[in-house]
There are 2 protein chains.
Amino acid sequence: MQDGTFSSLGHLQETRRGNAYARDCPTRQLLDLIGDKWSVLILLLLGEEEVRFSRLKQRIDGISQKMLSQTLKSLERDGLVTRHAVATVPVTVSYRITPLGRELLGALQMMIDWAETRMPYVADAQREFDRRLSIADHREAL
Amino acid sequence: MQDGTFSSLGHLQETRRGNAYARDCPTRQLLDLIGDKWSVLILLLLGEEEVRFSRLKQRIDGISQKMLSQTLKSLERDGLVTRHAVATVPVTVSYRITPLGRELLGALQMMIDWAETRMPYVADAQREFDRRLSIADHREAL
DNA sequence: CCGTATCCAGCATGATACTG
DNA sequence: CAGTATCATGCTGGATACGG
C-alpha cells in the first residue's frame, strides 16, 4: 500500500528537508523516546542539578519506583543522562544530564513555553467541541 | 505522598516557572496530545497546505483509516485543525491547520531540527549501551 | 537505598467489515 | 470518499513483593 509513497518520495521536495512524513522520521523517533509519561519531567529536573534516585522519586509527583528506574535506564541508554553509583552501604546513586540531553532540553524550551501559555486555549477548544457535540447528540436523539 | 510536594512548591523557585514537575504540568498535557503515533506527522503535512482526507491517507506512510480519522478528530477537538466538508457526492472533506496549530508547529521546530541532526547520536549511544550490556551479561553467565 | 520480577488492568493501535 | 463499529492484540504503566 505504501511502497508507492516511498519510491515517489525519492526525488521530492516536501518543503521540509528529508521525508518528514515517514513513520520512522527522526521526529517520530524522538517522540517515541520522550513522548512517554515521565521522561521530560525527569530531564527537566536533571537539567537543574545532579539528583539522587530517591530524591527524584520524592519530587516527581506520582511516579512509581518501577517507572522511575525504567525511565532512567532508558534515558541513560539514549545518551541523555548518566548514572553515578557510590558504593556506600546502602548504595548511593545519582543521575546527571549529558551535554546531548541538555541540548535537547534547550530544543524543547519553545515547546514548553508554548504549552505553558497556550494549553488553556486548547482546553477552551476542547470544552467548546464537547459542548457542540453534546448539543448535536441531543438533536439526534429526537 | 505528594501533597507535601505541592504545598512546598507554592513559594519555590525551581528555576523554571510554575511547577514543571507535577504529572499534570502543561508540558505533559501537551505530550499527551501530540506524543502519540500520528499527530505531529499530520500537523506537519497540514502546515504546508490544506489537505483532503484521502490524500493524507496516501501520504502518511502506514496509517490506517481508523487512526487517521481518530487523530484528526482529536486535533480538531484540541483546536489545532479545522474540518471542511463539501457536500459533493461522494462527500469531499479537507483539513486545515489553525493559527494555534501553526504556532505550535513553530514551537516544535527546534525540537524537529534537533531530532534530525542529533538522533544519530542517540542511536550511537543506544548501540554502545547495548554492546556493554551484552558483554556484562556474558561475564555474568560464567 | 536502589533496582528488578511478576502479575495485571487499561489503553493505543490495527485489521476488517460495514454505512451514508 | 469519509467515517464508524467491532474485535483482537501488544504495550505501557502501576501494585506488590523480593533481592543485592
Side-chain angles (χ1 to χ4, degrees), chain A residues 1-2 23-24 28-29 31-42 45-46 50-77 81-96 129 133 136-137 140, chain B residues 1-2 23-24 28-29 31-42 45-46 50-78 81-96 129 133 136-137 139-140:
Chain A
M1 191 213 297
Q2 287 74 19
R23 80 184 109 184
D24 58 351
R28 271 242 35 81
Q29 290 174 24
L31 286 171
D32 283 340
L33 301 186
I34 65 167
D36 65 1
K37 201 165 175 180
W38 306 108
S39 291
V40 174
L41 296 184
I42 293 175
L45 269 171
L46 296 183
E50 175 176 0
V51 187
R52 288 186 51 185
F53 184 91
S54 51
R55 178 128 180 80
L56 283 170
K57 181 143 170 30
Q58 290 162 22
R59 294 192 54 190
I60 300 178
D61 183 35
I63 196 169
S64 67
Q65 195 167 20
K66 173 191 162 184
M67 287 315 299
L68 179 55
S69 179
Q70 188 173 305
T71 307
L72 283 167
K73 188 187 278 189
S74 215
L75 293 173
E76 190 193 358
R77 176 171 182 266
V81 311
T82 52
R83 180 180 182 278
H84 303 271
V86 180
T88 51
V89 197
V91 62
T92 301
V93 181
S94 62
Y95 291 86
R96 295 180 203 154
F129 186 93
L133 193 63
D137 284 353
E140 205 173 297
Chain B
M1 190 213 298
Q2 288 74 19
R23 79 183 111 184
D24 58 352
R28 268 242 36 81
Q29 290 175 23
L31 286 171
D32 283 340
L33 300 186
I34 66 166
D36 66 0
K37 202 164 174 180
W38 305 107
S39 289
V40 174
L41 295 184
I42 293 175
L45 268 171
L46 296 183
E50 175 176 359
V51 187
R52 291 184 50 184
F53 184 90
S54 51
R55 177 130 179 78
L56 283 171
K57 180 142 171 31
Q58 291 162 24
R59 293 194 53 192
I60 299 177
D61 183 35
I63 196 170
S64 67
Q65 194 166 22
K66 174 188 163 188
M67 287 315 299
L68 179 56
S69 180
Q70 188 173 305
T71 307
L72 282 167
K73 189 185 278 188
S74 211
L75 293 173
E76 189 192 0
R77 178 170 181 267
D78 300 335
V81 311
T82 52
R83 180 180 180 280
H84 303 273
V86 181
T88 51
V89 199
V91 60
T92 300
V93 182
S94 61
Y95 291 86
R96 296 179 204 154
F129 186 93
L133 192 64
D137 284 353
R139 289 225 182 93
E140 203 173 298

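Per chain, numbering begins at 1; letters A, B, ... match sequence-line order. A quick note: this is a predicted structure, and the numbers were derived from the prediction, not measured.
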Per-helix bend value, the helix from C:dG3-D:dC18 to C:dG20-D:dC1, C1' rotation axes over five pairs per end, 10° rounding, shows 40°

Heavy-atom closest pair (B:L45 atom, B:V51 atom, distance to 0.1 Å) is O-CG2, 4.2 Å

Correct closest heavy-atom pair for B:S39 and B:I34 would be CB-CA, 4.0 Å

In this structure, how many angstroms lie between the [atom2] atom of [N] and the [atom1] atom of [X], rounded?
X	N	atom1	atom2	result
A:D61	D:dG14	CG	P	11 Å
A:R28	C:dA12	CZ	P	14 Å
A:M67	D:dT16	CE	C1'	16 Å
B:D36	D:dC11	CG	P	18 Å
A:I63	D:dG14	CD1	P	8 Å
A:I60	C:dC2	CD1	P	13 Å
A:K57	D:dA15	NZ	C1'	11 Å
A:K37	C:dA12	NZ	C1'	14 Å

*Can we say A:R28 and A:D32 salt-bridge, meaning some charged N sits less than 4.0 Å from an Asp/Glu carboxylate O?*
yes

One should read off an interatomic distance between B:I63 CD1 and B:Q58 CD, to the nearest 0.5 angstrom, of 13.0 Å

Taken to the nearest 0.5 Å, the spacing of B:R77 CZ from B:L33 CG works out to 9.0 Å

Polar atom pairs between nucleotides 2-5 of chain D and protein, under 3.5 Å, N or O only, would you list them?
| unit_1 | atom_1 | unit_2 | atom_2 | d |
| --- | --- | --- | --- | --- |
| D:dA2 | OP1 | B:R52 | NE | 3.2 |
| D:dA2 | OP1 | B:R52 | NH2 | 3.2 |
| D:dA2 | OP1 | B:V93 | N | 3.3 |
| D:dA2 | OP1 | B:V93 | O | 3.2 |
| D:dA2 | OP2 | B:S54 | N | 2.7 |
| D:dA2 | OP2 | B:S54 | OG | 2.7 |
| D:dA2 | N7 | B:Q65 | NE2 | 3.2 |
| D:dG3 | OP1 | B:R83 | NE | 2.7 |
| D:dG3 | OP1 | B:R83 | NH2 | 2.8 |
| D:dG3 | OP1 | B:Y95 | OH | 3.0 |
| D:dG3 | OP2 | B:Y95 | OH | 3.1 |
| D:dG3 | N7 | B:Q65 | NE2 | 2.8 |
| D:dG3 | O6 | B:Q65 | OE1 | 3.2 |
| D:dT4 | OP1 | B:K73 | NZ | 3.1 |
| D:dT4 | OP2 | B:S69 | OG | 3.1 |

Within a strict 4.5 Å, meaning less than it, do heavy atoms of the B:Q29 and B:D24 side chains meet?
yes

Residue set satisfying salt bridge (charged side-chain N to carboxylate O under 4.0 Å, His left out) with A:R83, at least two apart, ordered chain then number -> none

Only residue of A:V81, A:T71, A:T82 satisfying side-chain contact (heavy atoms from CB on, under 4.5 Å) with A:E76 is A:V81

Chi angles and distances behind the side chain to side chain contact (heavy atoms under 4.5 Å, CB included) call for A:L72, A:L56:
CA-CA 10 Å; A:L72 283 167; A:L56 283 170; 4.0 Å; yes

